[in-house]
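I have placed the structure first, in the form of structure tokens, so that the comments after it can refer back to it.
These numbers come from a predicted model, not from an experiment.
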Number of protein chains: 4
Amino acid sequence: MCAMKAHKAPNSARRNEQSRQAILTATRELIAEVGYAKVTIEAIASRAGVGKQTIYRWWPSKGFVVLESFVALIETEEGAVELPDTGDIEADLKLVMRETMEEFATPAFEAPIRALNTEIINDPALAEAYNEKLAAPTDEVMRARLRSARHAGQLSPDADLDLMAEMLYGPLYQRWLLRSGPLTPEFADGLVEAVLRAFGPRA
Amino acid sequence: MCAMKAHKAPNSARRNEQSRQAILTATRELIAEVGYAKVTIEAIASRAGVGKQTIYRWWPSKGFVVLESFVALIETEEGAVELPDTGDIEADLKLVMRETMEEFATPAFEAPIRALNTEIINDPALAEAYNEKLAAPTDEVMRARLRSARHAGQLSPDADLDLMAEMLYGPLYQRWLLRSGPLTPEFADGLVEAVLRAFGPRA
Amino acid sequence: MCAMKAHKAPNSARRNEQSRQAILTATRELIAEVGYAKVTIEAIASRAGVGKQTIYRWWPSKGFVVLESFVALIETEEGAVELPDTGDIEADLKLVMRETMEEFATPAFEAPIRALNTEIINDPALAEAYNEKLAAPTDEVMRARLRSARHAGQLSPDADLDLMAEMLYGPLYQRWLLRSGPLTPEFADGLVEAVLRAFGPRA
Amino acid sequence: MCAMKAHKAPNSARRNEQSRQAILTATRELIAEVGYAKVTIEAIASRAGVGKQTIYRWWPSKGFVVLESFVALIETEEGAVELPDTGDIEADLKLVMRETMEEFATPAFEAPIRALNTEIINDPALAEAYNEKLAAPTDEVMRARLRSARHAGQLSPDADLDLMAEMLYGPLYQRWLLRSGPLTPEFADGLVEAVLRAFGPRA
DNA sequence: GCTTAAACGAGACGGTACGTCACGTCTTAGG
DNA sequence: CCTAAGACGTGACGTACCGTCTCGTTTAAGC
């Protein structure tokens with residue numbers, strides 16, 4: 001793992017993969033059971049049947065263990081995730097946004113992501129790892145769909161797809177993370193429509 | 001303070017205002033000095049020359065102390081904050097966005113806001129207090145300027161100003177909070193232009 | 001306790017006497033059960049139903065806890081300990097030496113004294129406290145009996161009673177502590193006879 | 001080494017003598033530098049440039065490593081150590097006792113002997129090895145000189161030389177080990193004189 | 001001289017205990 | 001009764017070593 005290199009880089013060849021998996025699994029279970037804030041390194045070690053040092057040896061902080069446990073989960077599930085492409089960018093985006101909102105409302109997803117964000121705010125190193133490992137792939141999926149739409153003439157040829165993606169996710173994310181407003185389908189639809197007005201073919 | 005009522009409400013009449021101020025000041029200083037995560041109740045009490053119990057008696061958690069210390073600061077400074085209104089909504093927004101970005105880059109502002117966000121993520125009660133005390137007033141200022149622009153015909157008559165405000169702040173906030181990208185003037189400008197395309201008079 | 005003053009001296013007035021007794025009792029029990037080397041601060045705290053910090057607050061090291069626990073025991077038992085005085089110093093000393101040997105052979109006594117000696121060897125401060133609190137009173141009892149014998153003409157008028165006491169206890173103690181030889185009645189008798197030849201009336 | 005046999009007895013033929021020496025040397029150096037209590041197997045291994053297992057393979061505990069390192073040192077220095085024999089047992093003994101006291105005051109000697117005694121107290125197996133390897137030879141040297149004196153008529157024909165040796169060393173050792181009193185020449189002289197009164201020719 | 005089993009250096013591992021920190025509660029003494 | 005002070009039980013921290021257990025890599029004996 002790249003972000004780990006800065007940590008210590010012990011001889012990875014000798015690393016016990018069984019222990020690593022046990023730690024990541026225990027971490028996931030504990031977050032689901034008691035919530036991130038109450039998860040302790042000691043509890044993870046105990047649950048995983050591992051010495052504390054084995055955690056401290058390979059991860060610089062609780063945040064990185066959580067991040068890696070989450071990344072491991074994602075990597076398992078997905079193979080090649082893609083957004084739906086019906087040819088109708090507006091419909092597709094509205095669908096995706098609603099699905100994202102629902103995902104956020106799922107406790108199994110919500111708890112660990114909130115957990116990570118808590119740490120990311122105060123830990124730039126973790127933020128970097130997070131953006132690289134979790135956010136970037138998600139964003140890339142979105143950009144791929146937007147590229148397809150632009151190619152199909154549904155977006156202005158010079159539409160800034162990066163900005164577009166941020167305008168779609170940013171307000172949604174803020175509402176969710178800071179609970180500054182309800183996550184309704186109307187909100188999602190309004191957001192998609194506004195963004196398409198900004199980057200549509202005639203703009 | 002509203003959010004306090006749920007806590008305990010001892011006899012407020014007897015409350016020592018000097019101690020209260022000392023606590024809020026100490027809290028602000030400590031956050032600026034060592035960062036939110038490392039601020040402890042014991043350190044606040046010690047710095048303020050106050051017993052720990054005096055803090056526990058009046059605030060339900062560290063987050064609320066921090067919130068109140070920050071609210072106190074804001075309330076002191078501001079009287080009637082308003083956005084500039086030159087008549088040119090695009091120029092005004094670009095200016096405001098740039099200023100907001102600069103504010104975020106100021107350590108004295110950054111540290112406590114990050115601090116609050118850390119707590120808000122996992123504490124709905126605190127989030128509510130935060131949104132009510134800090135976010136709402138800021139948003140209202142923005143909405144007032146947008147209303148003025150709509151009235152001047154620079155925005156579509158049916159522009160959803162709440163959504164517009166969120167589309168302006170959301171992407172900016174996300175980049176800052178999660179460090180998912182650089183806060184450049186170009187980013188601010190592009191964001192403003194896109195939002196105005198979405199809600200401009202012909203839309 | 002004198003030796004404690006150098007440690008920290010928190011406000012002793014607030015000290016919880018119940019906790020103190022529980023700690024000393026737990027310490028004694030644990031030493032008897034598992035031996036000094038295997039007694040840990042954590043085990044003492046746990047057994048006493050006390051926080052570790054409460055031990056660290058009042059004692060500078062495990063050795064001092066053990067010492068105080070032992071002193072407390074001694075102070076309870078004894079009121080005015082005296083050696084027997086039948087008028088026959090040789091008989092009395094032989095009796096005392098045999099009793100001391102038997103005491104040393106009792107696990108309940110042996111374990112804690114070995115414990116203390118382990119620490120004393122490498123801790124001058126503890127050694128001082130030990131000599132003052134435990135050794136000195138024991139020696140004084142011996143010297144009192146020797147004084148009586150000298151007064152009765154059973155010892156040379158210029159007999160050095162301090163040296164005499166050390167010559168009685170020293171070889172015995174060494175055999176016991178370092179297991180350099182068996183603790184037999186013959187050894188005790190021979191030792192007493194030799195010392196009396198050295199300090200007897202005609203010497 | 002005899003005490004080692006009970007341990008494991010790997011194929012000694014293959015033993016790396018360089019590693020053995022490096023371990024013993026590192027042990028001595030570390031004891032001198034940081035004191036016995038703070039010497040760890042890991043530190044010895046690291047300093048000696050040796051794997052931990054190489055220590056555990058050949059010695060049953062830290063105490064035995066220290067003992068052997070000390071024995072090795074002694075064996076190097078001495079060839080045939082003997083006490084001076086001027087024909088005057090009192091003068092010779094006083095000289096030897098003073099020299100012993102000075103040796104005890106030398107940090108290079110004091111630290112490791114204290115170290116060993118710490119372990120001996122609680123480890124009968126180590127005590128046995130210690131008495132056999134270090135104490136017995138020293139005592140035999142003393143007994144040889146006493147035998148010579150008895151033969152020369154300076155001691156009673158039936159003087160118990162073992163007891164005599166213990167009466168000479170015991171009080172001295174106790175004062176030193178437990179710091180129960182100062183090691184002065186006067187103390188040494190008084191001790192020798194008393195012992196000689198007890199075992200002199202007319203006794 | 002080639003083979004092969006050991007001893008070796010290195011160091012990861014599951015553990016235990018360390019001494020420290022901060023938590024939130026409770027107790028004391030003073031105004 | 002509120003307050004400053006701070007002791008208390010609790011529990012997690014991150015570190016240090018323990019003694020065991022692989023890993024390749026020497027290395028020296030016996031074929």
- Query: For the side chain of A:R57, counting heavy atoms from C-beta on, which of E:dC8, F:dC18, E:dC13 is nearest?
  - Reply: E:dC13
- Item | Polar pair under 3.5 Å, donor/acceptor by atom type, side chain A:K52, base E:dG15 | no
- In whole Å, what is the span from the CZ atom of A:R47 to the P atom of E:dG14? 17 Å
- Rounded distance (Å) that lies between atom P of E:dG11 and atom CH2 of A:W58: 11 Å
- Message: A side-chain contact here means heavy atoms from C-beta on lying under 4.5 Å apart; do C:R20 and C:W58 qualify?
- Response: no
- Task: Would you indicate, yes or no, if F:dG14 has its OP1 or OP2 atom less than 4.0 angstrom from a side-chain nitrogen or oxygen of A:W59?
- Result: no
- Message: How would you summarise protein contacts on nucleotides 24-31 of chain F per nucleotide, using B for base, S for sugar-phosphate only and - for none, with heavy-atom distances below 4.0 Å?
- Response: ----BS--
- base_contact_polar (E:dC21 base, C:Q53 side chain, donor-acceptor, <3.5 Å): yes
- Message: For a side-chain contact (heavy atoms from CB on, under 4.5 Å) check, start with the C-alpha distance between D:E119 and D:Y130, then their side-chain angles and the critical distance, and finish with the verdict.
- Response: CA-CA 10 Å; D:E119 292 286 288; D:Y130 173 86; over 6 Å; no
- Could you say whether B:V50 or D:E42 is positioned toward the 5' end of DNA chain F, judged by the nucleotide with the nearest heavy atom to each? B:V50
- Message: Rounded to whole Å, please give me the gap between CD1 in A:I44 and P in F:dA12.
- Response: 12 Å
- Item | Whole angstrom value for the distance that separates C1' of E:dC18 from CD1 of C:I55 | 13 Å
- Task: Specify the separation, in whole Å, of atom CZ of A:R20 and atom P of E:dG14.
- Result: 14 Å
- Task: Using the side-chain contact (heavy atoms from CB on, under 4.5 Å) rule, take B:T25 and B:R28 through it: C-alpha gap first, then chi angles, then the decisive distance, then the call.
- Result: CA-CA 5 Å; B:T25 301; B:R28 255 177 272 127; 4.3 Å; yes
- Query: How long is the line joining CG of A:N16 and C1' of F:dC23, in whole Å?
  - Reply: 13 Å
- Note on the structure: When rounded to the nearest 0.5 Å, the distance separating NZ of B:K62 from CG of B:D123 is 12.5 Å
- What nucleotide among E:dG19, F:dC13, F:dT20 has an atom nearest to a side-chain atom of A:Y56? F:dC13
- Going through the checks in order, is the side-chain contact (heavy atoms from CB on, under 4.5 Å) test met by B:I121 and A:I121? CA-CA 10 Å; B:I121 289 174; A:I121 289 174; 3.3 Å; yes
- Message: Between C:E42 and C:K52, does any NZ, NE, NH1 or NH2 come within less than 4.0 Å of an OD or OE carboxylate oxygen?
- Response: yes
- Query: Taking it one step at a time, do B:I31 and B:F70 satisfy side-chain contact (heavy atoms from CB on, under 4.5 Å)?
  - Reply: CA-CA 11 Å; B:I31 287 175; B:F70 204 58; over 6 Å; no
- Proximity to the side chain of B:I41 - top-ranked nucleotide from F:dC18, E:dC23, F:dG9: E:dC23
- For F:dT3, does OP1 or OP2 lie under 4.0 Å from any side-chain N or O of B:S19? no
- Residue closer to the 5' end of DNA chain F, A:K62 versus D:K38 (nearest nucleotide): A:K62
- Query: Closest nucleotide of DNA chain E for A:T54 versus for B:V39: which of these residues is on the 5' side?
  - Reply: A:T54
- Let me know the distance between CD of C:Q21 and P of F:dC8, rounded to the nearest Å. 13 Å
- Please say whether more than 12 non-hydrogen atoms of neighbouring residues, nucleotides or ligands are located less than 6.0 Å from CD in D:Q18. no
- Of C:T40 and D:G49, the one whose closest nucleotide on DNA chain E sits nearer the 5' end is D:G49
